[in-house]
Protein chains: 2
Amino acid sequence: MKQKTFSKYSDCPNKRSKSIIGSRWKPIIIYALRKRKIRFGQLHAIVGDISAKVFAKCLKELEADEIIVRETFTDTPGRVEYSLTPKGVALVPIIVSLLQWEWKHYEMNQPS
Amino acid sequence: MKQKTFSKYSDCPNKRSKSIIGSRWKPIIIYALRKRKIRFGQLHAIVGDISAKVFAKCLKELEADEIIVRETFTDTPGRVEYSLTPKGVALVPIIVSLLQWEWKHYEMNQPS
DNA sequence: ATTTGTACTTACCTTATGGTTACTGGTATT
DNA sequence: AATACCAGTAACCATAAGGTAAGTACAAAT
């Protein structure tokens with residue numbers, strides 16, 4: 001049995017942020033929503049080659065974690081719009097920092 | 001076949017940072033090294049209940065990614081010390097931001 | 001009544017990450 | 001010669017995240 005004496009982190013303090021930042025698609029979704037509400041289909045197109053299943057699951061989880069909010073409209077055909085909560089907005093600069101870290105340390109094309 | 005037209009991110013611009021930040025243990029290792037060099041066994045104790053295999057693998061990968069440097073000493077019994085590179089140091093404030101985001105949005109004990 | 005558009009859901013499969021247990025190799029100490 | 005310390009390796013297994021392909025639900029248009 002290993003000791004935990006020196007570990008402040010044995011209960012994984014980064015697990016919430018990791019489940020978002022560490023996900024393949026969630027940072028992209030949050031970044032896409034940084035300036036405006038976007039509806040389901042449009043957001044899907046922006047995010048790119050994500051499967052419908054995973055896309056819907058990500059949105060549900062982000063909503064459950066109160067990172068995004070879902071608004072339904074009774075228009076026809078019905079639409080649903082997603083936007084960031086303040087908690088989600090607070091992640092944007094962190095995501096940007098990570099992207100900047102990559103741009104600095106690996107030669108990559110920066111988005112226009 | 002899905003279109004990539006709207007996606008600037010289809011080639012996953014966050015994949016490098018994600019492989020570090022999204023890992024279970026790497027952020028903890030980097031955070032532990034933020035102030036000083038630490039040797040293998042001591043670092044293992046600080047990180048906590050990580051298996052030996054995964055711990056060694058994380059260190060190798062972090063070294064290959066030039067996040068940490070490994071120094072061997074010919075002392076007896078031999079020792080190895082790990083420390084952050086500038087590239088690794090640059091990740092520390094981001095890791096701290098993520099931890100602060102968690103402390104703010106989820107009620108958790110902050111480390112002393 | 002059938003098709004179209006939007007927003008999903010279900011079943012099944014693959015791969016990556018991490019865990020468990022045991023073992024290696026070099027250098028003292030006893 | 002046997003044991004202990006330090007820094008790892010190797011073989012095998014479990015879980016979770018993501019991918020594929022197909023189907024569901026509702027309203028409106030034709």
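Protein chains get the first letters and strands the later ones, always in sequence-line order, with residue 1 at the start of each.
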Could you tell me the separation between the [atom1] atom of [X] and the [atom2] atom of [N], rounded to a whole number of Å?
{"X": "A/N14", "N": "C/dG18", "atom1": "CG", "atom2": "P", "result": "11 Å"}
{"X": "B/I50", "N": "C/dT20", "atom1": "CD1", "atom2": "P", "result": "11 Å"}
{"X": "A/Y82", "N": "C/dA7", "atom1": "OH", "atom2": "C1'", "result": "8 Å"}
{"X": "B/K26", "N": "C/dG18", "atom1": "NZ", "atom2": "C1'", "result": "12 Å"}
{"X": "B/I29", "N": "D/dA7", "atom1": "CD1", "atom2": "P", "result": "14 Å"}
{"X": "B/H44", "N": "C/dG18", "atom1": "NE2", "atom2": "C1'", "result": "13 Å"}
{"X": "B/F55", "N": "D/dG8", "atom1": "CZ", "atom2": "C1'", "result": "10 Å"}
{"X": "A/R79", "N": "C/dT6", "atom1": "CZ", "atom2": "P", "result": "12 Å"}

Looking at [X], does any N or O in its side chain come under 4.0 Å of the phosphate oxygens OP1/OP2 on [N]?
{"X": "A/S51", "N": "D/dA21", "answer": "no"}
{"X": "B/S23", "N": "C/dT17", "answer": "no"}
{"X": "A/R24", "N": "D/dG19", "answer": "yes"}

> Are any non-hydrogen side-chain atoms of B/L43 and B/L59 less than 4.5 angstrom apart?
Replying inline: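 Result yes, sub-4.5 Å side-chain heavy-atom pair found.
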
> Would you call A/I68 and A/T85 a side-chain contact if the rule is heavy atoms closer than 4.5 Å?
Replying inline: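 The answer is no; the side chains never approach within 4.5 Å.
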
> Can you check whether B/W101's main-chain N or O pairs, donor with acceptor, with A/K87's side chain at less than 3.5 Å?
Replying inline: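 Judged by distance alone, no pair lies under 3.5 Å.
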
>> Would you call the rings of A/F40 and A/Y82 parallel, tilted or perpendicular, taking 30° and 60° as the class edges?
In response: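 Ring orientation of A/F40 relative to A/Y82: tilted.
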
> B/A56 has a side chain; which of C/dT9, D/dG8, D/dA17 sits nearest to it?
Replying inline: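 My answer, after comparing the listed nucleotides, is D/dG8.
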
> Nearest of D/dG8, C/dT9, C/dG19 to any side-chain atom of B/F40?
Replying inline: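 Between D/dG8, C/dT9, C/dG19, the one nearest the side chain of B/F40 would be D/dG8.
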
>> Under 4.0 Å, heavy atom to any atom of DNA chain D: which of residues 59-70 of chain B qualify?
In response: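 B/K60, B/R70 - these, ordered by number, are the residues of the stretch whose heavy atoms sit under 4.0 Å from the strand.
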
> More 5' along DNA chain D: B/K53 or B/R39, using each one's nearest nucleotide?
Replying inline: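 Of the two residues, B/R39 wins.
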
> What are the two closest heavy atoms between B/R34 and B/L84, and how far apart are they?
Replying inline: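 Where B/R34 meets B/L84 most closely, the heavy atoms are CA-CD1, 3.8 Å.
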
> Is it true that A/E61 and A/K26 have a side-chain N and a carboxylate O under 4.0 angstrom from each other?
Replying inline: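 Answer for the salt bridge query: yes.
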
> Do NZ/NE/NH1/NH2 and the carboxylate oxygens of A/E81 and A/R79 come within less than 4.0 Å?
Replying inline: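 Salt bridge flag = yes for A/R79 with A/E81.
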
